[in-house]
Amino acid sequence: MQELMKAKAQEMLSNGSVTRVLAWKKGDFETNPEPAFFTKHVDDMVYNQYCATNLSNFMVGVEKEEGKTLVFLKPCDTFSFNQLLKENRISRDKAYIIGVGCEGVKVIDEMQETGALLEKCNVCTKIKHMVYDELIGEDVTRRVTDDPLTRFKDIEAIEKMDAGERFAFWQGEFSKCIRCNACRNACPPCGCKKCVFDNDNYDTAQKANVTTFEEQMFHIIRAYHVAGRCTDCGECTRVCPQDIPLHLLNRKFIKDINALYGEFQAGADIETLGPLTDFNIDQDAEPSIVYDRG
């Protein structure tokens with residue numbers, strides 16, 4: 001598949017169909033390919049089971065650049081791309097999307113040794129590309145589970161804890177945070193041009209936290225900001241240098257939204273409004289506040 005991708009990318013660059021290609025390039029090791037833009041040659045382009053980065057997020061940065069961008073997206077990445085389209089943060093006509101098959105992304109440890117699949121890949125149900133212009137190798141995409149509820153098992157385990165146990169669990173996780181902002185920067189829905197936590201007036205900008213209050217506030221507020229918009233791409237957890245399971249916060253919101261408003265998958269399309277942004281007075285309002293409109 002890698003060679004097919006490189007050939008297609010080089011062809012489109014050479015004939016002027018696209019101005020740049022967004023893909024993965026060789027890193028220092030085979031196991032750490034990096035996201036990269038190619039404008040002339042694609043010799044260093046790679047695609048393997050270590051290409052974890054969700055490239056849709058990088059399309060925001062080239063939105064105002066001239067020309068069209070060819071971007072390679074795994075099935076799960078296309079949900080994030082759709083969500084960005086829905087929020088008008090990128091333009092569909094400025095992207096040529098080639099969907100690539102995915103057999104799951106592997107975890108690597110500090111010694112660059114191959115491990116198991118990423119947690120998100122073990123519960124993945126996103127096996128179809130939601131948006132594309134062309135497909136390469138979709139038939140190799142693996143189905144991990146037919147049960148969409150599998151991904152909520154960890155959430156259910158936390159829900160079974162009493163309040164004290166839950167608080168201790170999250171306090172222990174948040175205490176590891178160094179406020180590097182990697183989770184925020186890798187998150188497609190987390191797109192404020194000026195983050196409230198970068199406000200120098202409140203002494204919260206770009207620093208390691210010194211109080212548990214700040215640790216909790218940063219991650220909980222961020223989770224609220226992406227509620228109903230998170231596609232569960234898992235990038236927040238993957239890029240965290242402290243291995244904080246941040247996806248559990250977002251997944252809890254997803255589980256609750258499904259229970260309260262009906263099953264919903266952010267990024268499945270670009271037309272459906274999210275449950276928290278679509279209000280129907282006949283269905284959503286409490287009976288006590290439904291007024292006579294006559």
Side-chain angles (χ1 to χ4, degrees), residues 1-28 32-48 50-100 102 129-136 180-195 198 206 222 225-226 229-231 233-236 238-239 266-267 269-271:
M1 191 189 308
Q2 174 179 295
E3 296 309 311
L4 290 174
M5 292 166 61
K6 291 173 70 172
K8 183 64 177 182
Q10 191 62 66
E11 174 191 345
M12 295 190 72
L13 280 175
S14 298
N15 64 26
S17 300
V18 296
T19 304
R20 66 194 67 80
V21 172
L22 174 55
W24 300 268
K25 71 175 182 179
K26 297 176 181 177
D28 295 331
N32 68 335
E34 305 168 359
F37 287 100
F38 302 87
T39 56
K40 292 183 179 180
H41 304 289
V42 296
D43 299 338
D44 291 335
M45 196 175 97
V46 297
Y47 184 63
N48 55 39
Y50 303 103
C51 293
T53 307
N54 182 350
L55 297 181
S56 63
N57 200 33
F58 292 83
M59 292 298 292
V60 178
V62 295
E63 175 60 25
K64 294 184 179 180
E65 299 290 333
E66 294 294 328
K68 181 174 288 192
T69 301
L70 162 59
V71 57
F72 291 99
L73 297 178
K74 305 185 295 296
C76 58
D77 301 337
T78 61
F79 287 82
S80 297
F81 190 94
N82 263 351
Q83 189 62 32
L84 293 172
L85 283 176
K86 185 183 294 189
E87 297 175 8
N88 298 311
R89 293 172 58 202
I90 57 176
S91 303
R92 181 65 180 92
D93 60 1
K94 298 199 69 174
Y96 188 88
I97 302 170
I98 295 184
V100 292
C102 175
H129 294 85
M130 295 294 101
V131 56
Y132 61 87
D133 294 295
E134 186 176 339
L135 293 175
I136 295 179
C180 66
N181 293 324
C183 57
R184 183 188 72 185
N185 296 341
C187 175
C190 203
C192 295
K193 291 184 178 180
K194 179 69 173 180
C195 177
D198 285 345
Q206 305 292 333
R222 206 186 76 77
H225 282 186
V226 302
R229 300 163 53 232
C230 171
T231 64
C233 76
E235 285 290 87
C236 52
R238 185 184 69 84
V239 301
D269 60 58
I270 62 173
E271 292 85 19

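What's counted below: heavy atoms across the whole structure, side chains too, no hydrogens, waters or symmetry copies.
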Item to complete: Not counting sequence neighbours, list each pair that qualifies as a salt bridge (Lys or Arg N to Asp or Glu O under 4.0 Å) and has a residue in residues 35-47.
Response: none
Worksheet item: How far apart are the closest heavy atoms of Lys94 and Val62, and which atoms are they?
Response: NZ-O, 4.2 Å
Worksheet entry | Non-hydrogen side-chain atoms of Arg92 and Val131 separated by less than 4.5 Å | yes
Item to complete: Say whether, by atom type as modelled, one donor and one acceptor occur between the side chain of Asn57 and the main chain of Asn185 under 3.5 angstrom.
Response: yes
Worksheet entry | Test item: Ile270 and Met130 side chains (from C-beta on) under 4.5 Å apart, heavy atoms | no
Item to complete: Check whether any side-chain heavy atom of Arg229 sits under 4.5 Å from a side-chain heavy atom of Val226, and report yes or no.
Response: yes
Worksheet, complete the sentence: In this structure, NE2 of His225 is separated from SG of Cys230 (nearest 0.5 Å) by 14.5 Å
Worksheet item: So which heavy atom on Ser56 is nearest to which on Leu73, and how close?
Response: N-CD2, 3.8 Å
Worksheet item: Does Glu134 pair with Lys8 as a salt bridge, N-O distance under 4.0 Å?
Response: yes
Worksheet item: Which atom names give the shortest non-hydrogen contact between Met45 and Ala23, and what distance separates them?
Response: SD-CB, 3.5 Å
Practice prompt. Report yes if some heavy atom in the side chain of Thr53 is under 4.5 Å from a heavy atom in the side chain of Phe58; otherwise report no.
Written response: yes
Discussion item. Side chains of Cys76 and Cys102, heavy atoms from C-beta outward: is any pair under 4.5 Å?
Written reply: no
Fill in: side-chain contact (heavy atoms from CB on, under 4.5 Å) involving Ala36 - partner list, sequence neighbours excluded
Lys25, Phe38
Worksheet item: Is the backbone of Leu135 close enough, under 3.5 Å, to the side chain of His129 for a donor and an acceptor to pair up by distance?
Response: no
Practice prompt. Look at the rings of Tyr47 and Trp24 and say which category their plane angle falls in: under 30° parallel, 30 to 60° tilted, over 60° perpendicular.
Written response: tilted
Worksheet item: Less than 4.5 Å apart, any side-chain heavy atom of Cys183 and any of Glu235?
Response: no
Practice prompt. Compare all side-chain heavy atoms of Met5 with those of Ile98 and state whether any distance is below 4.5 angstrom.
Written response: no
Worksheet entry | Minimal non-hydrogen separation, Asn48 against Pro33, with atom names | OD1-CG, 3.9 Å
Worksheet entry | Given Leu70, Val42, Thr19, the one that forms side chain to side chain contact (heavy atoms under 4.5 Å, CB included) with Leu13 | Val42
Worksheet entry | Pairs flagged by side chain to side chain donor-acceptor pair (under 3.5 Å) wherever residues 64-79 is involved - sequence neighbours left out | Arg20-Thr69, Lys74-Asp77
Worksheet item: How close do Asn54 and Ser80 get, heavy atom to heavy atom, and via which atoms?
Response: ND2-OG, 3.0 Å
Discussion item. As an exercise, state the distance from CG of Leu55 to CZ of Phe37, rounded to the nearest 0.5 Å.
Written reply: 8.5 Å
Fill in: Test log, rule side-chain contact (heavy atoms from CB on, under 4.5 Å), inputs Arg222 and Cys236
CA-CA 11 Å; Arg222 206 186 76 77; Cys236 52; 3.6 Å; yes
Worksheet item: Between Val46 and Lys26, what is the shortest heavy-atom contact and its length?
Response: CG1-CG, 3.3 Å
Worksheet entry | Heavy-atom donor-acceptor pair, Arg89 side chain to Met59 backbone, under 3.5 Å | no
Worksheet item: So do the side chains of Phe72 and Leu22 get within less than 4.5 Å of each other, counting heavy atoms only?
Response: no
